[in-house]
Amino acid sequence: MRVAGRAMRTIWLGADRCAVEIIDQTLLPHELAIVRLTTLDMAVRAIRDMQVRGAPLIGAAAAYGIALAMMADPSARNLDEAVAALAATRPTAVNLRWALDEMHRALAILSEGERAAAAFVKAGAIADEDVAINRAIGEHGAALIAAAQRRKGAGARIDILTHCNAGWLATVDWGTALAPVYRAFDAGIPLHVWVDETRPRNQGAGLTAWELGQHGVPHTVIVDNAGGHLMQEGMVDLCITGTDRTAANGDVANKIGTYLKALAARDNNVPFYVALPSPTIDWSLDDGSAIPIETRDPREVTHIAGWSADGVRREVRLTPEDSTAANYAFDVTPARLVTGLITERGVCPASRDGLLGLFPERRRLGAA
Ligand code: MRU
């Protein structure tokens with residue numbers, strides 16, 4: 001996507017080909033800072049501290065983290081240790097495990113002399129595949145937006161509600177939930193996005209609003225609790241969110257609060273779609289009950305950070321000193337509340353049969 005008119009991805013190989021560069025998402029929307037990662041430890045920290053975040057981007061960053069580890073020490077033991085270190089960074093997004101499995105499978109069979117170069121090639125392929133997948137999700141999802149627009153009437157504006165950031169910043173490029181938005185917008189369909197602020201880390205207010213603005217997409221940031229009211233008032237035509245892990249039955253884990261939006265959407269007959277690349281499907285899970293839900297530092301709830309008028313980042317406390325806080329980062333929306341899953345192969349019902357219809361090879365391979 002474009003930032004100030006310049007095409008950018010969220011992660012790329014440095015010009016010297018021995019470092020990986022990322023956008024530091026903890027500083028957006030106030031500062032566009034590029035960070036060079038040169039070691040496995042830096043990659044681990046970048047994922048854990050959410051300089052890079054979003055399920056597909058976490059996977060791509062982990063793949064590059066393995067390449068950095070192989071550059072330093074291509075032994076089989078270091079490969080195993082690097083996989084373990086990266087796997088421990090964030091628990092919910094299954095793309096992390098998927099990318100690490102892909103890297104391990106590709107590299108374990110090679111000699112030490114071959115590993116580093118092959119690791120960079122494989123990580124680049126994972127990143128490129130993410131871009132291609134998301135572009136296809138955009139096409140399938142844009143067709144849904146176009147159909148909603150035809151139903152609403154010529155020239156009518158389509159209002160889409162999204163939660164968290166499932167845009168290009170959460171992937172290598174295009175995004176998942178926002179890829180259809182960008183495609184439809186570029187095709188000239190009049191649309192507007194309601195952006196949930198997404199407490200506690202405010203990925204909606206900070207990241208989704210920023211990237212939509214860079215692309216010129218009309219949008220309005222709302223507090224997390226506003227969506228239900230807007231749906232009651234007929235101000236939302238459809239919801240589209242991303243997911244960090246989708247079970248084989250179509251249950252979807254996504255940023256905390258997604259479930260409540262799905263409930264409100266069902267009560268108000270608003271279609272609720274979830275966009276996902278196939279590496280987000282965890283075929284080993286029959287349903288969403290076993291999806292690990294990340295809990296994070298309560299300080300993300302008790303404090304809030306922003307930029308003061310003099311351009312300095314400041315953190316302030318919101319809660320009484322002695323109040324405890326709990327910080328659940330994800331929730332699971334049952335498949336029955338999901339109107340459809342938008343994948344790179346098309347749109348399907350959120351069900352085992354729906355997913356297997358699009359990915360029939362999984363039927364032959366078995367669930368896992
Ligand atoms: O905690 P985050 O910011 O990594 O959470 C991101 C989300 O929940 C996204 O909606 C999800 O990864 C789908 S993204 C393409």
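Just so we're clear, the structure is a prediction, and the values are computed from it rather than from any experiment. Numbers for residues simply follow the sequence, beginning at 1. Start at 1 and go down the list; that is how both ligands and their atoms are numbered.
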Peer 1: For ligand 1, find out whether one of its N or O atoms is nearer than 3.5 Å to an N or O atom of Asn254.
Peer 2: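 By distance alone, the answer is yes.
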Peer 1: Would you call Asp286-Arg352 a salt bridge at under 4.0 Å N-O?
Peer 2: yes
Peer 1: For ligand 1, does Asn165 get within less than 4.0 Å through its side chain, its backbone, both, or neither, judged by non-hydrogen atoms?
Peer 2: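 It is the backbone that touches ligand 1; the side chain stays farther off.
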Peer 1: Do any nitrogen or oxygen atoms of Thr171 lie less than 3.5 angstrom from nitrogen or oxygen atoms of ligand 1?
Peer 2: no
Peer 1: Suppose we measure from atom 7 (C) of ligand 1 to each protein heavy atom; which comes out shortest, and what is that distance?
Peer 2: Asp244 OD1, 3.3 Å
Peer 1: Within the structure, is a non-hydrogen atom of Ala329 found at a distance of less than 4.0 Å from ligand 1?
Peer 2: no
Peer 1: Please state whether the rings of His30 and Trp307 are parallel, tilted or perpendicular, taking 30° and 60° as the class boundaries.
Peer 2: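 Rings of His30 and Trp307: parallel, under 30°.
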Peer 1: Within less than 4.0 angstrom of ligand 1, does Gly54 place any heavy atom?
Peer 2: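 For ligand 1, residue contact (heavy atoms, under 4.0 Å) with Gly54 is present.
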Peer 1: Find out whether the Lys NZ or Arg CZ of Lys255 is both under 6.0 angstrom from the six-membered ring centre of Phe330 and within 45° of the ring's axis.
Peer 2: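 Yes, Lys255 and Phe330 form such a contact.
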Peer 1: Any atom of ligand 1 sitting under 4.0 Å from a heavy atom of Arg90?
Peer 2: yes
Peer 1: Do Phe330 and ligand 1 have an N or O pair less than 3.5 Å apart?
Peer 2: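 Looking only at distances, the answer is no, because the N/O contact criterion of under 3.5 Å is not met.
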Peer 1: Any donor-acceptor pair under 3.5 Å linking the side-chain atoms of Asn95 with those of Thr280?
Peer 2: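 Side chains of Thr280 and Asn95: pair found under 3.5 Å.
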Peer 1: Taking a cutoff of less than 4.0 Å between a non-hydrogen atom of the residue and any ligand atom, is His163 in contact with ligand 1?
Peer 2: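 No; His163 lies far enough from ligand 1 that no heavy-atom distance drops under 4.0 Å.
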